[in-house]
Amino acid sequence: MTPIMKCCRQISPPRLLRAALVAIGTLLFLPSCHQANAFSSPPSFTKRMNTMPAQTLNTIAISHTMPSSVTSLYAMPSPSLISSSNHWGNVAALSFTASLAQLLGKTTLVGKLLGAPVTAMAVAFVLSSVGVIPSFVSTTSAPTEWLTVLPPGGSPSSSFLQNVSLTLATPLLLLGTSLKGNALRQCGSLLGSFFVASFGTLAGAMAAFSIATIPRALLMSVPNQDGLKIAAALLAKNIGGGINYMAVCSCLNASPESIAAGLCVDNVMALVYFPLVSVLASKYKDVVDDDNGDLIEKEESDESNEENDDKSDLSPVESLSHAFTLAAILTAGGQFINSKLHYVTTSPLNLSLPITTLLTVIFSTYYPPNMFLSPSSTKERNSDPKSNNIAKAGETLGTSLLYLFFATAGAPGWRLKESIQQSFPSIATFLIILYGIHGLILWSLKKLVEVTKMDKSKYWKNVVAPQRLLTASSAAIGGPATAAALAQSNQWESLLTPSLLVGNVGYALATFIGLLFYGAANKSLL
């Protein structure tokens, strides 16, 4: 997740509102304003295959092992500078889009507000939807036509990249997640605040579904009746992060149109949430100024940072190679176990990603440090293990793959326009209730502790400290990177490292919470 709040503090409210309107208009209404010479939406139809079809089709399902959430709809032949059969051309264009989005996310106002992931999706959307190149550069199209850069409707290459990037990013980002020893102790009271924030998100989703019209509206408006799947994925995202959103979508076989719609609406809601959190956080100093007991926590964090900064025996090449190897092994293990589940269950769900998540967390927690391929190391025999360069390399690779994934999510182009516009009201209503209850739970807990005099207890006083509640909320809604950015921008040094740790706890748990919520919601509506 991109730390949006950094730039929002430097933007006046009128400019922020105008930029938000421009961003929303770009994502939702630009397709309806295309000129006559721009390429219009081709007819599309669904079809599932296990083998590569003829080149007259724009996109395919790579194999029976690919989750249908990354299976694009087929489209008729269409004029584009890069044809659907030009695999390396599509790979190069989508990779360039992912890199360009990171630049735009740092240097442009709209990019900062949307964040680099959604910017990548928007750029790919434009490249595959709007005719920007005259057809005289191509010998295969009519003279009066304008070419899109990417093939409308997607391509086999984008489907393949989408599957690979999501599958490998999951274990790569979790290599540094350890749930024992000093890792949890370093979280301190912030871990309690994070569990409260996560409960607030879950309570918000449950409150939304208690209103009968909301799940019905989601089922009717979201493409392919994926409303419950997207709601469960958004619940997971607002406890963990984008990787949990995609894992739930993949497991539940959500369609690409539904996935894109959920992401767009969630990021529009984030345009309100992140500036609000940034404004509230600016009123408070670091927690060590209010409670001397937290000084120990800060010292532990500083010590951890010093140890993590120590140079490793592994070179950068070795670290990247080992991280990729671990991701491939853990993914293969998850796929193998999932293929054997038919012996014990008749569930049609593809559980390979949740199983891979579980295997990665177990491996990162219990695999002995200082051994070959270990993502943790210790300076002394009896000291607590710390994440090493393998875990950091995994985070780097995983994050870059996520940017690539979001670029492929926008590749279908025009097909996303109608699904986003159609499902925006129902998904936005669900998220408004979710965010509202989330904030209400945090505010109510703080007031309850004050009224009942529970703040005399050092633990509860620390848990409901505004700095911790805001950081925990940011870790749940935005992920560990966003929480760390909030702590850093407000000079909350004692919460910097703990915010990253609790965010990783969210990564480890959110997928399973989302799947359980889907199962309960689906059963209640039957």
Side-chain angles (χ1 to χ4, degrees), residues 27 30-32 34-49 51-63 66 68-101 119-166 223 255-257 259-260 403-420:
L27 288 174
L30 175 63
S32 62
H34 62 279
Q35 301 297 324
N37 59 357
F39 183 72
S40 58
S41 175
S44 59
F45 54 93
T46 52
K47 192 173 182 181
R48 302 284 300 273
M49 297 180 67
T51 58
M52 183 174 294
Q55 293 182 357
T56 56
L57 297 176
N58 271 348
T59 184
I60 62 168
I62 295 301
S63 70
M66 173 181 285
S68 63
S69 63
V70 296
T71 303
S72 300
L73 298 176
Y74 289 102
M76 297 299 290
S78 55
S80 59
L81 181 64
I82 302 174
S83 68
S84 61
S85 60
N86 185 351
H87 299 297
W88 281 111
N90 281 276
V91 170
L94 291 170
S95 300
F96 175 80
T97 300
S99 298
L100 178 63
T119 301
M121 188 168 63
V123 172
F125 179 94
V126 172
L127 292 180
S128 59
S129 301
V130 181
V132 294
I133 301 176
S135 59
F136 62 77
V137 301
S138 174
T139 59
T140 60
S141 56
T144 58
E145 288 182 329
W146 285 67
L147 304 178
T148 59
V149 177
L150 291 172
S155 66
S157 304
S158 65
S159 298
F160 175 75
L161 284 177
Q162 198 171 64
N163 181 41
V164 171
S165 59
L166 174 62
S255 66
E257 289 80 5
I259 296 173
Y403 285 125
L404 182 60
F405 170 83
F406 282 108
T408 63
W414 285 120
R415 289 208 323 264
L416 301 180
K417 167 206 167 186
E418 183 177 351
S419 63
I420 294 174

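Owing to the predicted nature of the structure, the values given are computational and were not obtained by experimental measurement.
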Q.
Taking the side chain as everything from C-beta on, heavy atoms only, tell me whether Ser155 gets closer than 4.5 Å to Leu150.
A. no
Q: May I ask you to test the Asn90-Leu161 pair for a side-chain heavy-atom distance under 4.5 Å?
A: no
Minimum heavy-atom separation for [X] and [Y], please, with both atom names.
X      : Y      : result
Asn86  : Ser157 : O-OG, 4.4 Å
Thr97  : Ala407 : CG2-CB, 4.1 Å
Pro223 : Ser255 : O-OG, 4.2 Å
Pro151 : Ser128 : O-CB, 4.0 Å
Ser165 : Phe405 : OG-CB, 3.4 Å

Q. Could you state the interatomic distance from OG (Ser83) to CG (Leu81), rounded to the nearest 0.5 Å?
A. 9.5 Å
Q: Name all residues meeting the side chain to side chain contact (heavy atoms under 4.5 Å, CB included) criterion together with Ser95; count only those two or more places apart in sequence or in a different chain, and write none if there are none.
A: Val91, Leu404
